[in-house]
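See structure below.
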Amino acid sequence: MTLEANILSIVTFLPLVGALILLILPNTEEYKSGFRWGALAFSIATFIASLFLLLGFQANGNLHFVMQIPWIPAINAEYYMGVDGISLWLVLLNTFLFPLAILSSIGVIKTREKMYYVLMLVLETAVTGVFLAQDLLLFYFFWEAVLIPMYFLIGVWGGKNKLYATTKFVLFTMVGSLLMLVAIIALYLQSGAINVLSGPTFSLAKLMALDLPPQFQFWCFLAFALAFAIKVPLFPFHTWLPDAHTEAPTAGSIILAGVLLKMGTYGFIRFALPLFPDAAFYRLGGDFFNFTIRDLIMALAVIGIIYGALVAAVQIDVKRLVAYSSIAHLGFVMLGLMSFNQQAVDGAILQMVNHGISTGALFMLVGFIYDRRHTRLIADFGGIAKPMPVYFNFFLVIMLSSVGLPALNGFAGEFPILLGSFQVNWLMTLIATLGVILAAVYLLYMFRRVFFGEVTHPENKTLADLVPREVWSVLPLAVMTFVIGLFPTMFFGKITPDSHVVLTRMQAAETASDEALISRERPRELPPDEVADLLASRAEGGAR
Amino acid sequence: MSQPVITLQQISYLGPVLVIVLTVLVLLMTDVICRLRPSRQGLSLLTGFGVALGGSIVALVYSIFLWHRLTVLKVGKLAELFPVNGPPRSVSAMETSPVWSSGTLVVDYFAVFVCLLVCGVLILVCFNFKPYLRINKLHRSELFPLLLLSASGMMLLSMSRDLLSTFISIEIVSLPLYVLCGLNERSRANQESSLKYFLLGAFGSGFFIYGASLVYGAVGHMNYAAIAYFAKHSLESSSILMIGLALVGAGLAFKLALVPFHAWVPDVYQGAPTPVTAFMAAGVKLAVFAAALRLVLEAFPLMDLSFWRGSISLLAALSMVVGNLLALHQMSAKRLLAYSAIAHTGYIAVGLASGLSTSATSILIYLVGYALAGLGAFTLISYLAPDGQDDIYLDEMHELSKRAPVSALAFAILMLSMAGFPLTLGFVGKLMVFSDAWRAGLYGLVIFAVLNSVISVYYYLRFILAMYMQPKAPGAAELVLKRMPGTYILTGIITVVLTLLLGVIPHMLIAWAQSCQLAGL
């Protein structure tokens, strides 16, 4: 048993070990700081462990640090973990955000601290597991395990309307994930029916090798896509998100926006698309107006971009504004993923990380000001650049990164997405580009009203600037916006070989679907005499 | 037909049942002897508990031994007791050589596994009763014999391969339970529960026995093998047989509480003493489903598929939706769990409708998960309930997580298991049952069941919402927390640990249950 084979398990379960240790400490006053710093220590240790992934990682289109042992042999389920270029940065994002989220909540969370930090660590384990699992059942376990700590985080430490928000969050997610479970079962049984000798399997690699009938792919894809679309959230399934974000405690919002939403987009690129490549080109509609599933998802993504931006523009609550901006940003990611174009997909994967950093940081910054004033309404602020210069600077950097200013990370992700998707569907890209402009409008407009001008509310005059703990929690994020913005190729280099594997698969399916379409239309183009011949030969065959 | 010979060895395979019955006799006799003393006090609570627990543990060990025999001998079954054989009369009177032969009772993997589970349930219920009787000041020495008698019926039920022996076993299960429900003569709720259960239970039994008599009229036998043989070889489909089997099914559906035969469940579950409710939820459901599995998988497969699969699917769908919708807004914990029990019966019936040979495996796993969660939840309810009462209300549970963090956590885990979240055994059961139904082609039913479990998530989360998130309601009574009795702690630990352990590493359980396949499709 080498470090090489166990590193993924260490990264995944180290936080859980920490949670169990915290759980057995007595819940008394003198241990209070033990919970805080213990949780922080474990999450930092996890981050350091996850850096080893980066060291031994050579991008070559294969899984790395694979651990594959039987888990439930009776049903062929395996404990099968592995990391590749698609999940690498998401895992690092996750282990990077958790210490910062925990640090930012130290002292802010005042009730039931033990439970809070235990849940944060459990959540970290579950999210990491989602990104690393290569076995569908294992993936489903982690996927659902994410739900429970998040349910508590919103429900126990949330705002006024927390009960409604948290129940809605769980029920929305459950509808999707249970239908996904049905699809997993169907896929599992189908694999058993095709490979009679080796029996049914949950293993992603083996399932991808199957040749599935198109109709079957279509229904399974719908079930998977629904689960992931709710999580992303794609346009008509987004209504849980503003509630959940607004009511969640700051760290909860950071994690929710930073990594939980990525589980949806990651699910598309890792599971839904490669497992059912033909489904993406499945045609809906009649003879005169038809479109593929891919067109549909791209359209929903673009609607999400515009809708999210427009709704964000009229919000009076900063946190709600950031929440709606998430819908718009994730729309870009989905647009890029569904383009099946190398640039766009790589951009989308990087944009997942970027969104985690910049939106996570925005939520953190909103949380800082909320802790001081206990309000998040834009109208309650104004001119606070003067009393809080450090805060102002951080907010400026993060806000600009979210807008997509070149040299910051947002640009490094959005630009390739638009560049790539333009080659596929120029109309949708055009509309999406409007969303970039709108993002600048609503963010800058909010920024002006909060920070510039005279201090209109007297209580804002004496606002204290960020304390060192807060600076330390937001500084790494601000640094990362520059690092990714200035050296994007460093990140793309690890992504491309692996996303290329998925892309080849998708492009092959696209070619096949185009050919099928042409051959289906061909008989209509046949000259009349050939048709007559064809009919005659068929009649002959029937007579014989 | 020659007189069947029963050897001592064959009798020894009935060991678990015999041990339990023997314990019942010992308890009853010693009780009588104790009452002959001048003080006229019956057997003390502690002695009764000790003997009953000892008997259950011996039966458990005996079942393990039988399981071991099965694996060592590498046979499907150890014995067929009271065998009958012959060609069914109605097919051909001329034929003389027996074409089928089957025991009235059979000791196979399935039966031994169910016996094991019944013993486990029995032990945990005994644990529950000890503090319950002390706290509620009930000195009823007849309790443990009744409990054990009912359990012996459950074991017999899992072995029965004949409508008559099934009927007798069901009655052995039910009659003691009618009495147990009315355990506390001072409690009106107990009395009401007992009477309702008795009346509706008798009604259900009437259905069953009438159906059985029709089946006998059509087939000339009551053995499942005979029914299966008749269904395969009779030239025209016999409507008498169909009506008979439908009535038998209705009788079983009464006991299982499938909608529309469910009306007794909420009142009986809520009114009965909590340990008895636990015993009903965990034990009766297990045993009657075992009987239903034998009937469906051994007698039905050769019959018209759309007839039995269609009707079971319909009952399953109705149970899920009615149980879940009525549970949504219940305030009483026991009543909520009663409605959820109806819904769970529906999920299990989905597995029954698939009728595959593996259905026995998946349903047994589901039942283990449900029994553990139910036993644990009812134990916690009887701990939390105020003295002299048998129930708690959701608004009394507010802020429980602060006052009793460990109990709240345990309760939350058990509720998540009932809701079927991964990491708990409840999920494994649902996974197995649904995948069986999918394999059988019941696509619509599976999707319906899955959407129903989303509804159920809502009300299971209401417990967690109440315990962890809602502030104390202004008018609600506050639960007085006592020290938790040792046996409650033990039950809680066993159920929660097993729920999680088997939920994460279910391999052993699945492998064992996989040996319990019945004939099926």
Side-chain angles (χ1 to χ4, degrees), chain A residues 23 27 70-75 77 79 111-112 114-115 118-119 122 126 137-148 151-152 154-158 162-164 166-190 192-193 200 219 223, chain B residues 361-362 365 401-402 405-406 408-409 412-413 416 419-424 427-428 430-441 443 446-462 464-471 503-514:
Chain A
L23 199 62
N27 192 7
W71 168 38
I72 316 175
I75 54 173
Y79 175 78
T111 52
R112 302 203 219 179
K114 173 178 174 177
M115 189 175 148
V118 167
L119 286 173
V122 172
L137 194 66
L138 189 64
F139 164 73
Y140 188 79
F141 261 64
F142 284 122
W143 174 272
E144 291 281 81
V146 167
L147 213 52
I148 298 161
Y151 170 71
F152 280 102
I154 300 176
V156 177
W157 295 275
K162 59 187 182 182
L163 298 181
Y164 170 75
T166 195
T167 308
K168 191 172 175 183
F169 165 70
V170 170
L171 290 183
F172 261 69
T173 318
M174 282 300 274
V175 173
S177 54
L178 278 170
L179 287 174
M180 178 168 77
L181 177 66
V182 174
I184 291 177
I185 291 174
L187 193 59
Y188 169 74
L189 294 174
Q190 184 80 13
W219 288 108
Chain B
T361 306
S362 39
I365 294 172
S401 62
K402 280 184 189 157
V406 180
L409 182 64
I413 291 172
L416 290 176
F421 267 88
L423 308 174
T424 61
F427 171 76
V428 182
K430 280 212 169 81
L431 178 75
M432 301 294 287
V433 165
F434 292 165
S435 77
D436 262 356
W438 191 270
R439 201 142 48 88
Y443 306 130
V446 172
I447 291 174
F448 188 76
V450 153
L451 293 178
N452 259 291
S453 22
V454 179
I455 304 179
S456 76
V457 167
Y458 176 79
Y459 59 78
Y460 290 123
L461 288 186
R462 278 181 66 212
I464 301 180
L465 224 59
M467 290 187 300
Y468 282 90
M469 300 169 193
Q470 281 168 333
V504 179
I505 316 168
H507 172 64
M508 291 306 277
L509 180 67
I510 296 178
W512 288 330
Q514 272 175 347

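Throughout, protein chains are lettered first and strands after them, A, B, ... in sequence-line order, and every chain is numbered starting at 1.
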Say you draw a straight line from [atom1] of [X] to [atom2] of [Y]; how long is it, rounded to the nearest 0.5 Å?
X: A/Gln190; Y: A/Ile185; atom1: CD; atom2: CD1; result: 14.0 Å
X: B/Ile464; Y: A/Ile148; atom1: CD1; atom2: CD1; result: 7.5 Å
X: B/Leu465; Y: A/Tyr164; atom1: CG; atom2: OH; result: 14.0 Å
X: B/Ile510; Y: B/Ile365; atom1: CD1; atom2: CD1; result: 5.0 Å

Interchain contact, [X] with chain B, by part (heavy-atom threshold 4.5 Å):
X: A/Tyr188; result: neither
X: A/Leu147; result: side chain
X: A/Ser177; result: neither
X: A/Phe142; result: neither
X: A/Leu171; result: both
X: A/Leu189; result: side chain

Query raised in the report: Can you name the closest pair of heavy atoms from B/Ser453 and B/Lys430 and give their distance?
Result: CB-CE, 4.1 Å

Report summary line: Looking only at B/Val428, B/Val457, B/Leu461, B/Leu451, most heavy-atom pairs under 4.5 Å shared with chain A are made by B/Leu461

**Report entry** From CA spacing to verdict: side chain to side chain donor-acceptor pair (under 3.5 Å), A/Arg112, B/Ser401
**Finding:** CA-CA 10 Å; A/Arg112 302 203 219 179; B/Ser401 62; 2.7 Å; yes

Requested in this report: State whether the number of non-hydrogen atoms from other residues, nucleotides or ligands found under 6.0 Å of B/Tyr458 atom OH is greater than 12.
Outcome: no

For [X], which atoms come within 4.5 Å of any heavy atom of chain A: side chain, backbone, both, or neither?
X: B/Phe427; answer: side chain
X: B/Met432; answer: side chain
X: B/Leu431; answer: both
X: B/Tyr468; answer: both

Report task. Look at A/Phe152, A/Tyr140, A/Trp71 and state which one has the largest set of heavy-atom pairs under 4.5 Å with chain B. Result -> A/Phe152

Query - chain B interface, residue from A/Asn27, A/Thr166, A/Leu179 that has the most non-hydrogen pairs under 4.5 Å - result: A/Leu179

**Report entry** Residue among B/Phe448, B/Phe434, B/Trp438 satisfying ring-ring contact (aromatic ring centres under 6.0 Å, His included) with B/Tyr443
**Finding:** B/Trp438

Query - Any side-chain heavy-atom pair of A/Leu178 and A/Leu181 under 4.5 Å - result: yes

